[in-house]
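So the structure is just underneath, and the comments pick up after that.
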2 protein chains.
Amino acid sequence: MADEPASSLRRALDLLDALASDDAVAQGGWGVSRLAAQQGRDKSQVSRTLRVLADAGFVERDAGSMAYRIGWHVFALAARAADQRLLAAGAPILRRLVEKDLGERIHLSVLQGPEVLTILTETPPHAVQTVAWAGRLVPAHNTSSGRALLIDHDRDELERLLAGAVFGVGGPNAPADVNALFERILVARRQGFAIIDEEFEPGLVAAAAPVRGFRGEVVAALNVSAPKFRLGARLPLAGQAIKAAADELSRELGYDARRPTSLVARARAG
Amino acid sequence: MADEPASSLRRALDLLDALASDDAVAQGGWGVSRLAAQQGRDKSQVSRTLRVLADAGFVERDAGSMAYRIGWHVFALAARAADQRLLAAGAPILRRLVEKDLGERIHLSVLQGPEVLTILTETPPHAVQTVAWAGRLVPAHNTSSGRALLIDHDRDELERLLAGAVFGVGGPNAPADVNALFERILVARRQGFAIIDEEFEPGLVAAAAPVRGFRGEVVAALNVSAPKFRLGARLPLAGQAIKAAADELSRELGYDARRPTSLVARARAG
DNA sequence: CAGATTGATGCGCGTAATGCAAATGGGATC
DNA sequence: GATCCCATTTGCATTACGCGCATCAATCTG
């Protein structure tokens, strides 16, 4: 719980988030009133905050509709967001995986608090509709990426990280609590990759493996997900392929598997 | 220059900017003291502001060095709003192209599997018939937009993507097979834009250039097409104009041509 | 161990964010 | 053109909260 006092800065950042929501994007941006109502704030202050954000280029407003949308500055910053090496080195590996090995949707994700952020997606050409997954957040505790990203966490760390998470939802096999999750993490740790069978969504299976940085800590996860009827049978094989690719990516980031990692890897949990 | 009172929000945003500077990025992020000195602010408040930014995910800190960097959350914002911005920033550029530069029909399109989907059109006033092109699908292999959208693809990727495509149809100069297409893509790659001369339809010429997103990957294509008797003579010039406009749009999407984001592009090429 | 550096925190002070209310500015409809 | 209605901005009194100073803990250096 412990709702922070919510500083004025935090409230401003929440406005940016709201403008990047599916609804706001789909409607070509939101006006002051809509934003104020949605955020439970007074219109006046929202108006003033947006003016500052607009002056700084973080939002911009449509000349006709007066609606605000995310501005150029955010895109410029995003281009310099954390570890571009991960993106640069990851892209070709994802492509190869989807084309040569698996023929299913491949994602590269990082941990964002108790959730998983997809930063790169590669879709097979035959895919009918491409849902834009990049930039989306999903829970960490019932997804394959999440399991891979948490593979070094011990029970206490899990407990703390997932204090607010809702267990037992998603697919029929979703873990019921932290203990169940930890058990499955131990399995993943043993075999080097995680297998998910209808935990996140009914009928969906997935496999994921951790990507490590040069210090040995988990920096990302590579995963494949697909309908059970298509991927189910060869899921263990897919896991192996994903793990091989993740290991390759780790090497490109400077990770040396022979060096001991546990100490440094643990440091990131705080 | 009437310096604004500089609200606290503005100061916080300036911190993000500072963290996105070349120096900061090159050094893997900056610490509190460095940032405070560079911004002429007190360490204490920089520390507190960064804590809020970090809680919101807008910055993240390196566990070892304590240095702050732009966080993945910014990336997520940009990724989710990317499509919106493509449309918003694209519209005026299309309008300007058709009014000032070319006086012919301009399209903005994206790749949809092996086909090209037009998402924005601008028509010159003198146009007799206004066919609604937006929402239409055309083949990728014998259109200028398609060529621009496939400009980073290598031969193998083309082969897989266009496995079901019918070659040798459309105009008299339509590419006969994947090899012929790839040859022409190489030409387009060299000059930065694609020229089509009666490939899609007899008597029709076109020029197109790729638009890149903040990650450096091709997200759309800008193109002009017109009857050969009207545009044929100045087609190379039109190509240059289209390329210039596409580059401008890319910049508005956060693409920085100087940065080696081309790693992503190059890696695709092989 | 002294000395320097870096980041976090306690605490009064004063600025700048806040909420209410009123004003402004279009678009509608009649 | 007069009257509403909606969205956005602005005026203003109040005070929360951002601010700088000083202090403290933790690391690094020599």
Side-chain angles (χ1 to χ4, degrees), chain A residues 2-19 21 23-24 26-56 58-71 215 263-264 266-270, chain B residues 2-19 21 23-24 27-56 58-71 88:
Chain A
D3 268 348
E4 289 293 315
S7 67
S8 72
L9 170 54
R10 181 51 188 260
R11 284 188 286 270
L13 300 179
D14 286 341
L15 286 182
L16 291 177
D17 274 348
L19 284 179
S21 70
D23 279 357
Q27 294 165 31
W30 275 352
V32 172
S33 296
R34 183 77 201 268
L35 267 171
Q38 199 260 342
Q39 295 280 307
R41 303 180 57 199
D42 194 275
K43 291 183 294 184
S44 65
Q45 203 55 23
V46 170
S47 170
R48 285 187 261 246
T49 301
L50 283 173
R51 193 219 299 273
V52 177
L53 287 171
D55 283 347
F58 280 70
V59 302
E60 60 193 19
R61 89 186 313 178
D62 189 283
S65 68
M66 293 259 107
Y68 282 99
R69 65 179 109 81
I70 299 294
R215 275 170 300 185
L263 281 182
V264 196
R266 189 93 355 131
R268 70 173 308 282
Chain B
D3 268 348
E4 289 292 316
S7 67
S8 72
L9 170 55
R10 183 50 187 261
R11 283 190 285 271
L13 299 179
D14 286 342
L15 286 182
L16 290 177
D17 270 351
L19 286 178
S21 69
D23 278 359
Q27 294 165 32
W30 276 350
V32 171
S33 295
R34 181 77 199 267
L35 267 170
Q38 198 261 343
Q39 296 279 307
R41 303 180 57 198
D42 194 274
K43 292 183 301 180
S44 64
Q45 204 55 24
V46 170
S47 170
R48 285 188 260 246
T49 301
L50 283 173
R51 191 218 300 271
V52 177
L53 287 170
D55 283 347
F58 280 67
V59 301
E60 60 190 22
R61 95 185 307 178
D62 189 283
S65 69
M66 298 289 267
Y68 282 100
R69 286 171 296 169
I70 301 292

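Not measured: the values here are computed from a predicted model. Naming convention: chains lettered A, B, ... in sequence-line order (proteins, then strands); numbering from 1 in each chain.
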Interatomic distance where [atom1] belongs to [X] and [atom2] belongs to [N] [whole Å]:
X	N	atom1	atom2	result
L9(B)	dA17(C)	CG	P	8 Å
R34(A)	dT9(D)	CZ	P	17 Å
L50(B)	dC19(D)	CG	P	12 Å
L35(A)	dT9(D)	CG	P	11 Å

With a 4.5 Å cut-off on side-chain heavy atoms, are R10(A) and D55(B) touching?
yes
Non-hydrogen side-chain atoms of L50(A) and L53(A) separated by less than 4.5 Å
yes
What's the spacing between F58(B) CZ and T49(B) OG1 if we round to 0.5 Å?
14.0 Å
Report yes if a side-chain nitrogen or oxygen of [X] is closer than 4.0 Å to either non-bridging phosphate oxygen (OP1 or OP2) of [N]; otherwise report no.
X	N	answer
R48(B)	dC17(D)	no
S7(A)	dC17(D)	no
S47(A)	dT8(D)	no
R61(B)	dA8(C)	yes
S8(B)	dA17(C)	yes

Between R41(B) and D14(B), does any side-chain N to carboxylate O distance fall below 4.0 Å?
no
Modelled atom types, side-chain donor and acceptor of D23(B) and S21(B), under 3.5 Å:
no
No-hydrogen, no-angle side-chain donor-acceptor test under 3.5 Å, Q27(B) and R34(B)
yes
NA contact type, R51(A), heavy-atom cut-off 4.0 Å: base, sugar-phosphate, or nothing?
sugar-phosphate
Side chain to side chain donor-acceptor pair (under 3.5 Å) partners for E60(B), two or more places apart
none
Considering only heavy atoms, which members of residues 37-46 of chain B lie under 4.0 Å from some atom of DNA chain D?
R41(B), D42(B), S44(B), Q45(B)
Got a donor-acceptor contact below 3.5 angstrom from the S47(A) side chain to the K43(A) backbone?
no
Just by distance, do the side chain of R61(A) and the backbone of M66(A) share a donor-acceptor pair under 3.5 Å?
yes
Residues in residues 62-69 of chain A with a heavy atom under 4.0 Å of DNA chain C, by number, are none
